[in-house]
Amino acid sequence: MRFNLSAQALCGAICVSALAVPSPVEKRLQLIDLKQFGSFPTITPEQAHAEAQPLSIILGDGPQYTGKKATTSTTNKAPATAQEFTTEDAAAAADGTCDRNNPAVRFEWRNYSADDRKAFVNAIKCLMGKPSSGNFQGAQNRYEDIVSVHQQLTPLIHQRAVFLVWHRYYVSVFESIMREECAFDRAFPWWDETLDAGKFAQSDIFTDPYFGPLPAKTSDGQGTCIQSGTFGGTTLHIGPGSAFTAHCLARAVDESLTGTVTASFVSDCNSRTSYDDMRGCQELGPHAYGHNGVGAVMAEVQASPGDPIFFMHHLFVDHSFRIWQNGDASRTQSINGCADANNPCTPITMDYVLTSNGLRPNTTVSQVMDTLGGYLCYRYDY
Ligand SMILES: *[C@@H]1O[C@H](CO)[C@@H](O)[C@H](O)[C@H]1NC(C)=O
Ligand SMILES: *[C@@H]1O[C@H](CO)[C@@H](O)[C@H](O)[C@H]1NC(C)=O
Ligand SMILES: [Cu+2]
């Protein structure tokens with residue numbers, strides 16, 4: 001809007017008519033109306049900050065703490081490079097054991113080699129090229145099986161306690177399918193979005209060799225179909241919302257939204273000592289702004305995994321969750337909050353069942369609370 005006004009002021013009637021008629025470049029870009037995608041609900045960073053708990057509580061001066069910050073094996077030494085990761089590390093989790101001194105390491109994108117990055121996006125592309133199992137509504141390839149499960153489960157996995165644990169499980173299901181069906185045999189990456197806050201589009205994650213470009217939301221509020229890079233020209237068949245309408249993989253970055261995904265927003269949320277308070281703050285805070293900031297497909301709750309950047313984003317969300325858990329040993333051993341939307345609600349327990357509708361076997365909250373517990377076996381490089 002502001003762009004239109006200043007453009008008119010600067011160059012008058014000729015430029016106005018130029019804006020009204022889409023140029024050949026714009027046509028080639030294939031714009032898409034963003035209204036169909038909606039957005040994730042949010043809280044403001046100011047709200048999260050105002051309700052942040054004082055540092056004395058975070059550092060453990062409260063009665064339930066020993067007065068010393070809990071140390072966990074996440075402080076153990078990392079392999080120096082991602083290449084040291086072996087398939088043995090991946091197998092460790094699958095057989096239910098985890099050597100806490102030698103788990104798989106998820107490397108921040110900047111610590112992840114160009115070769116690993118390529119292999120990672122190619123394995124996702126590989127899933128898009130495999131046939132659907134036929135068990136998931138609307139899915140036209142194996143990757144869309146995974147997207148469909150998120151679409152179908154949406155009301156059960158958002159805005160309630162299970163949000164962080166279910167999405168941790170979902171990322172692990174995605175990882176397992178990449179390894180077993182597309183032979184991905186390297187360490188996993190994660191994305192420290194706080195280092196790219198306000199400039200997501202400048203990250204080399206969003207370049208042709210990797211996830212493809214991140215075009216800005218247009219001045220009249222449209223998204224752009226991704227035409228180049230690993231996922232250029234992708235047609236999605238799950239969504240928008242609960243529909244199954246063929247549409248392009250589109251993005252529409254708003255860097256004023258990505259600009260709120262800062263380390264201080266994350267740590268204000270992580271200052272909360274109650275799991276469910278922290279969860280609500282992360283979900284409606286940095287998590288929601290990352291989705292809305294990338295825009296278009298990513299801003300639509302149900303089918304957002306249609307954009308593969310979804311998994312990089314949820315690896316970031318899971319990293320924040322693990323960092324909160326590192327603050328006290330009890331945080332891998334218990335959970336609180338509502339399991340359903342009843343009033344009064346049923347409290348969630350460690351036995352609550354997590355499902356991926358058969359993509360992988362069901363498990364329980366207790367199996368995924370600890371990323372080093374055996375069902376899972378990974379830590380983050382920092
Ligand atoms: C990963 O990156 C962080 C931040 O740049 C750095 O502190 C850390 O040492 C790196 N880790 C490895 C294993 O390269
Ligand atoms: C998995 O969990 C879902 C949800 O609780 C349940 O409906 C389904 O029957 C479970 N599947 C198996 C195989 O236990
Ligand atoms: Cu989700």
Side-chain angles (χ1 to χ4, degrees), residues 37-43 124 133 135-139 143-177 190-191 193 236 238-243 249 257 261 269 276 278-321 335 337-342 345-368 375:
F37 295 114
S39 65
F40 283 65
T42 55
I43 55 166
I124 300 174
S133 67
N135 298 329
F136 302 94
Q137 199 180 355
Y143 184 79
E144 288 192 337
D145 286 356
I146 302 171
V147 181
S148 178
V149 167
H150 187 274
Q151 183 202 41
Q152 298 301 307
L153 291 174
T154 282
L156 302 175
I157 55 177
H158 298 105
Q159 295 200 62
R160 55 181 69 184
V162 80
F163 168 74
L164 287 175
V165 275
W166 187 86
H167 285 79
R168 171 176 284 174
Y169 164 67
Y170 186 57
V171 170
S172 80
V173 166
F174 167 72
E175 176 174 359
S176 156
I177 293 173
W190 68 283
W191 174 23
E193 291 180 21
L236 306 174
I238 311 287
S242 45
L249 167 59
L257 298 179
V261 187
C269 290
D276 202 47
M278 176 279 295
R279 187 275 312 158
C281 184
Q282 292 289 2
E283 181 173 5
L284 302 175
H287 160 256
Y289 284 95
H291 275 283
N292 294 342
V294 171
V297 170
M298 266 289 276
E300 192 274 296
V301 181
Q302 289 187 252
S304 50
D307 186 339
I309 202 65
F310 173 97
F311 289 98
M312 292 302 290
H313 179 55
H314 270 276
L315 283 153
F316 164 68
V317 172
D318 188 61
H319 171 266
S320 301
F321 176 25
I335 191 165
C338 288
D340 57 31
N342 298 341
C345 71
T346 311
I348 195 168
T349 67
M350 293 290 273
D351 298 324
Y352 185 85
V353 173
L354 305 176
T355 187
S356 55
N357 283 352
L359 277 172
R360 285 293 181 267
N362 287 356
T363 188
T364 59
V365 169
S366 67
Q367 296 297 299
V368 305
Y375 179 87

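Atoms within each ligand, like the ligands themselves, are counted from 1 in listed order. All values below come from the heavy atoms of this structure, side chains included, with hydrogens, waters and symmetry mates left out.
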- [ ] Give the C-alpha distance, both sets of side-chain angles, the deciding distance and a yes or no for side-chain contact (heavy atoms from CB on, under 4.5 Å) between Arg279 and Val162.
- [x] CA-CA 9 Å; Arg279 187 275 312 158; Val162 80; over 6 Å; no
- [ ] For Ile146 and Ile177, run side-chain contact (heavy atoms from CB on, under 4.5 Å): C-alpha distance rounded to whole Å, both residues' side-chain angles, the deciding distance at 0.1 Å, then the answer.
- [x] CA-CA 9 Å; Ile146 302 171; Ile177 293 173; 4.0 Å; yes
- [ ] Quick one: report the N, O or S atom of His158 that is nearest to the Cu ion (ligand 3).
- [x] NE2
Open item on the list: Can you classify the ring geometry of His291 versus His287 as parallel (below 30°), tilted (30 to 60°) or perpendicular (above 60°)?
Closed with: perpendicular
TODO: Could you check whether the rings of Phe311 and Tyr143 sit parallel, tilted or perpendicular, using 30° and 60° as the cut-offs?
DONE: perpendicular
Open item on the list: Taking 2.8 Å as the cut-off, does His314 contribute an N, O or S atom near the Cu ion (ligand 3), distance below it?
Closed with: no
- [ ] Could you check Ile309 against Met298 for side-chain contact (heavy atoms from CB on, under 4.5 Å), going step by step and ending with a plain yes or no?
- [x] CA-CA 8 Å; Ile309 202 65; Met298 266 289 276; 3.6 Å; yes
Task: Residue, atom name and distance, where the atom is the protein heavy atom closest to atom 4 (C) of ligand 2 - done: Thr355 CG2, 4.0 Å
TODO: Take the angle between the ring planes of Tyr170 and Phe310 and call it parallel below 30°, perpendicular above 60°, tilted in between.
DONE: perpendicular
Task: Subset of ligand 2 atoms that lie under 4.0 Å from at least one heavy atom of Asn362 - done: 1 (C), 2 (O), 3 (C), 8 (C), 10 (C), 11 (N), 12 (C), 14 (O)
- [ ] Could you tell me which N, O or S atom of His150 is nearest to the Cu ion (ligand 3)?
- [x] NE2
Task: Under-4.0 Å heavy-atom contact between protein and atom 7 (O) of ligand 2 - done: no
TODO: May I ask you to list the atoms of ligand 2 that are less than 4.0 angstrom from any heavy atom of Val353?
DONE: 2 (O), 5 (O)
